[in-house]
Every structure is written in C-alpha cells, then in structure tokens.
Amino acid sequence: QVQLVESGGGLVQAGGSLRLSCAASGRTISRYATGWFRQAPGKEREFVARINWSGSSTNYADSVKGRFTISKDNAKNTVYLQMNSLKPEDTAAYYCAADRNLGPRVRPDEYDYWGQGTQVTVSS
C-alpha cells in the first residue's frame with residue numbers, strides 16, 4: 001500500500017499562488033498514477049489534475065487548465081500541484097489520490113489510495 005500526505009494549503013488572495021505537495025510513503029510513487037481532486041462544502045468531489053506513473057502524461061479539468069500544473073519528483077516520492085491565478089471558486093479541500101491504472105482517470109472511485117486533504121481558501 002501507499003500512504004499519501006498533502007501539505008501546502010492555506011489562505012491566499014485572488015490572483016495569488018500556492019503549491020500543494022503530496023508526499024508518498026510505503027511504496028514508491030513511481031509505481032502509481034496520481035491525481036488531485038477537490039471538494040467544496042456541499043459539493044461533490046471533483047477532478048482537478050492527473051499525472052501518469054512516469055510523469056510523461058498529464059490531464060486537467062477545464063476549469064484549471066492554464067492555471068494549475070501537476071508534476072512529480074519520483075526521487076522525492078512527491079507529487080506537486082502548482083496553482084496560479086487563484087480564484088475564489090478554487091476554494092476547497094484538496095486531496096491527492098493514487099492508482100495503478102492507465103489512462104486519464106477522472107472519477108474518485110477509480111482511485112485506490114487517498115490522502116487526508118489540505119484546505120485552500122481564496123479570498124476575493
């Protein structure tokens with residue numbers, strides 16, 4: 001099994017930036033594809049971004065394309081989500097998740113392992 005721990009959330013003004021980290025332990029993250037999801041109060045968990053096991057392929061939700069970048073450092077066993085030009089509607093708890101499937105998986109039930117989440121709040 002792989003354990004995931006997110007960090008880097010916080011309060012930021014609209015237009016600002018944050019970088020989230022997802023540190024893996026137990027197994028090497030290079031064996032897994034990793035995704036970021038977010039969930040705002042009263043809303044369903046939604047897909048944000050995904051990176052494949054090697055880091056050679058990524059996909060993004062339309063709402064974050066051009067603003068967010070997912071990357072991974074297999075040597076550090078960590079996946080990152082760089083978030084720029086943040087908007088109030090980006091406010092949510094952000095979760096990283098991992099699985100060993102191929103392809104652009106966007107549904108939460110397609111992922112096997114989850115972190116505990118980190119809160120991102122964007123003020124207007």
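As the structure is a prediction and not an experimental result, all values here were calculated from the model.
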Using atom types as modelled and distance alone, determine if a side-chain donor or acceptor of Asn74 lies under 3.5 Å from a backbone N or O of Asn77. no
Backbone N/O of Gly9 and side chain of Thr118: donor-acceptor pair under 3.5 Å: yes
Quick one: does Trp36's side chain get under 4.5 Å of Tyr60's, heavy atoms only? no
Donor-acceptor contact below 3.5 Å, side chain Asn59 vs main chain Ile51: no
Look at the side chain of Glu6 and the backbone N and O of Cys96, then say whether any donor-acceptor pair between them is shorter than 3.5 Å. yes
If the threshold is 4.0 Å, N to carboxylate O, is there a salt bridge linking Arg31 and Asp99? no
Would you check if the side chain of Tyr111 reaches a backbone N or O of Arg105 as a donor-acceptor pair within less than 3.5 Å? yes
Side-chain donor-acceptor pairs of residues 23-30 under 3.5 Å, sequence neighbours excluded:
{"residue": "Thr28", "atom": "OG1", "partner": "Ser30", "partner atom": "N", "Å": "3.3"}
{"residue": "Thr28", "atom": "OG1", "partner": "Ser30", "partner atom": "OG", "Å": "2.9"}

Ignoring hydrogens and angles, write down the donor-acceptor pairs under 3.5 Å from the side chains of residues 80-89, residues two or more places apart or on other chains.
{"residue": "Gln82", "atom": "NE2", "partner": "Asn84", "partner atom": "OD1", "Å": "2.9"}
{"residue": "Asn84", "atom": "OD1", "partner": "Ser17", "partner atom": "OG", "Å": "2.9"}

Would you check if the side chain of Ser56 reaches a backbone N or O of Ser54 as a donor-acceptor pair within less than 3.5 Å? no
Does the side chain of Ser63 come within less than 4.5 Å of Arg38's, by heavy atoms? yes
Pair Phe37, Tyr95 - check ring pair (Phe, Tyr, Trp, His ring centres under 6.0 Å), show working. CA-CA 5 Å; Phe37 288 76; Tyr95 300 87; 8.8 Å; no
